[in-house]
Amino acid sequence: MTTETLPILAILGGTGDLGTGLARRWAQAGYQVLIGSRTQEKAEAAVADLREVMAERGVGEISVQAMENLAAAQAADIVAITVPFSHQASTLELVKPALQGKILIDVTVPLVPPKVARVQLPEGGSAGQIAQDLLGEEVAVVSAFQNVAAAHLQEGSGLDCDVLVCGNKKVAREQVITLIEAAGMRGFHAGMINNAAAAEALTSVLIVINKQYSCHAGIRITGLDHD
C-alpha cells in the first residue's frame, strides 16, 4: 500500500513525547504525517529528529512535514491531538473549522498536576466528551491511546499493549483501530464517547503502578478466542 492510498495524518502538539512516538510509528508504517505545533520552528525540529531516528533504524524514505497546528489540521484527512489537557480546548477552538467532516483522535488525559496519580475527571465527564461537545456532531471524535506509555511508542519494537477506542461512530472507531494496528498494537471497540472517562481514569492508575514497580505499564484485553 502506498501513501497515495492512505489517509494523511496530522498530529497537533506533535512535538511532545506522545506525539513524536505516534509520528515515528505511523511514518514507519508508510503514512504521510504532518507534525503540528504552535510554532513552525518547533515542528521543524521535531521533523528533523524524526528523520534522524528513522535513518538510525534503517528506514528508507518517509513522508513527514512540519506545519503550524491550523495548517496541519486543514491539510490532513485524520487529525490526532496530543496536547496537555490545559491546552486542549484552546487548540480545538483554533482548528475547529478545519476539522468539520473529519475524524479527530483525542489522546488527551485530564491529569491535574501535581496529583497526577489521582483520578480527577473534569466536569464535562472526560476530555473526549469535552472535545465532542466543543466540536459538534460533524466531527467524529474518537478517544484512544490514553493507556500507552510514550516511551514505548518511541521505541521501534513491538508493543505488548492494547488500546481502548471510544467514539459515537463505529466507522470512525474502525478507522482508528486500523491506525492502532499500523502502530503495532491491538485496538478494541470500547463504546460511545461517554466511555472515554474509563480509559482516561485508568491513566492515573497506571501512573501509580509505574511508580510502584518502576515500569511503563499498559493494559491487555484477555479472554479472546485467539489469545
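Note that this is a predicted model, so its numbers are computed, not measured.
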### Message
Using only atom types and a distance under 3.5 Å, with no angle test, would you say the side chain of Gln65 pairs donor to acceptor with the backbone of Ala72?
### Response
no

Report the C-alpha separation of Ile221 and Leu164 in whole Å, then their side-chain angles, then the decisive distance to 0.1 Å, and conclude whether the side-chain contact (heavy atoms from CB on, under 4.5 Å) test is met. CA-CA 9 Å; Ile221 305 300; Leu164 300 177; 4.1 Å; yes

Discussion item. With a 4.5 Å cut-off on side-chain heavy-atom distances among I, L, V, M, F, W and Y, is there a chain of contacts connecting Leu179 to Ile35?
Written reply: yes

Quick one: are Leu159 and Arg25 in side-chain contact, heavy atoms under 4.5 Å?
yes

When you measure from the side chain of Asn210 to the backbone of Ala217, do you find a donor-acceptor pair of N or O atoms at a distance under 3.5 Å? yes

Whether the Gln88 and Thr91 side chains hold a donor-acceptor pair (N or O, under 3.5 Å, no angle test) is what I'd like checked.
no

CG (Asn168) and CE (Met192) are apart, to the nearest 0.5 Å, by 4.0 Å

| Is Gln100 close to Val139 at the side-chain level, that is, under 4.5 Å between some pair of heavy atoms? | yes

*Gln154 and Thr20: side-chain hydrogen bond (donor to acceptor under 3.5 Å, both in side chains), yes or no, with the steps?*
CA-CA 7 Å; Gln154 292 182 346; Thr20 55; 3.0 Å; yes

On a heavy-atom basis, the closest approach of Ala29 and Ala182 is CB-O, 3.7 Å

message = Under a 4.0 Å threshold between the charged nitrogen and the carboxylate oxygen, would Asp49 count as salt-bridged to Arg24?
response = yes

List the steps and the verdict of side-chain contact (heavy atoms from CB on, under 4.5 Å) for Val64 and Arg51.
CA-CA 8 Å; Val64 59; Arg51 292 190 183 280; 3.6 Å; yes

| query | Is any side-chain heavy atom of Phe145 closer than 4.5 Å to a side-chain heavy atom of Ile105? | reply | yes

Scanning both residues in full, the closest heavy-atom pair of Arg220 with Asp162 reads NH1-OD1, 3.2 Å

Notebook entry, point to check: Side-chain heavy atoms under 4.5 angstrom apart, residues restricted to Ile, Leu, Val, Met, Phe, Trp, Tyr: same cluster for Tyr31 and Ile81?
Noted result: no

Here the pair of heavy atoms bringing Ser126 nearest to Ile193 is OG-O, 4.1 Å

Steps toward side-chain hydrogen bond (donor to acceptor under 3.5 Å, both in side chains) verdict (Thr203, Glu200): CA-CA 6 Å; Thr203 301; Glu200 294 175 17; over 6 Å; no

Are Asp77 and Lys102 within salt-bridge range, i.e. N to O under 4.0 Å?
no

Here the gap from Leu9 atom CG to Ser63 atom OG, rounded to the nearest 0.5 Å, amounts to 10.0 Å

- Item | Note, Val163 side chain near Arg186 side chain (heavy atom, < 4.5 Å) | no

Discussion item. Between Lys42 (side chain only) and Gly14 (backbone N and O only), is there a donor and an acceptor less than 3.5 Å apart?
Written reply: no

Give a yes or no answer on whether the side chain of Arg173 reaches the backbone of His189 with a donor-acceptor pair at less than 3.5 Å. no

Note to self: When you compare the side chain of Thr82 with that of Leu12, does any pair of heavy atoms fall below 4.5 Å?
What the structure shows: no

If hydrophobic clusters are built by linking Ile, Leu, Val, Met, Phe, Trp and Tyr wherever their side-chain heavy atoms come under 4.5 Å apart, do Val148 and Val142 end up in the same one? yes

Between Thr108 and Phe85 the two heavy atoms that sit nearest each other are CG2-CA, 3.6 Å

Taking Val176's backbone N and O only, do any of them form a donor-acceptor pair with Glu181's side chain (distance below 3.5 Å, no angle check)? no

**Study point:** Whether His216 side chain and Ala151 backbone form a donor-acceptor pair below 3.5 Å
**Key:** no

Rounding to 0.5 Å, atoms CD1 (Ile209) and NZ (Lys211) come to a distance of 12.5 Å

Q. If Ile, Leu, Val, Met, Phe, Trp and Tyr residues are connected whenever their side-chain heavy atoms lie under 4.5 Å apart, and connections chain through other members, are Leu206 and Tyr213 in the same group?
A. yes

- Do the side chains of Met54 and Glu61 get nearer than 4.5 Å, heavy atoms only? no

Here the pair of heavy atoms bringing Ala27 nearest to Ile62 is O-CG2, 4.0 Å

| ILVMFWY cluster, Leu104 and Leu70 together (side-chain gap under 4.5 Å) | yes

Residues Thr15 and Ser37: closest non-hydrogen pair is CG2-CB, 3.8 Å

Here the gap from Gln74 atom CD to Glu68 atom CD, rounded to the nearest 0.5 Å, amounts to 10.5 Å

- prompt: Can you tell if the side chain of Trp26 reaches within under 4.5 Å of the side chain of Gln28, non-hydrogen atoms only?
  reply: no

- Query: Would you say Val116 and Ser204 make side-chain contact, with heavy atoms under 4.5 Å?
  - Reply: no

Interatomic distance, CD1@Ile103 vs NZ@Lys169, rounded to 0.5 Å, equals 9.0 Å

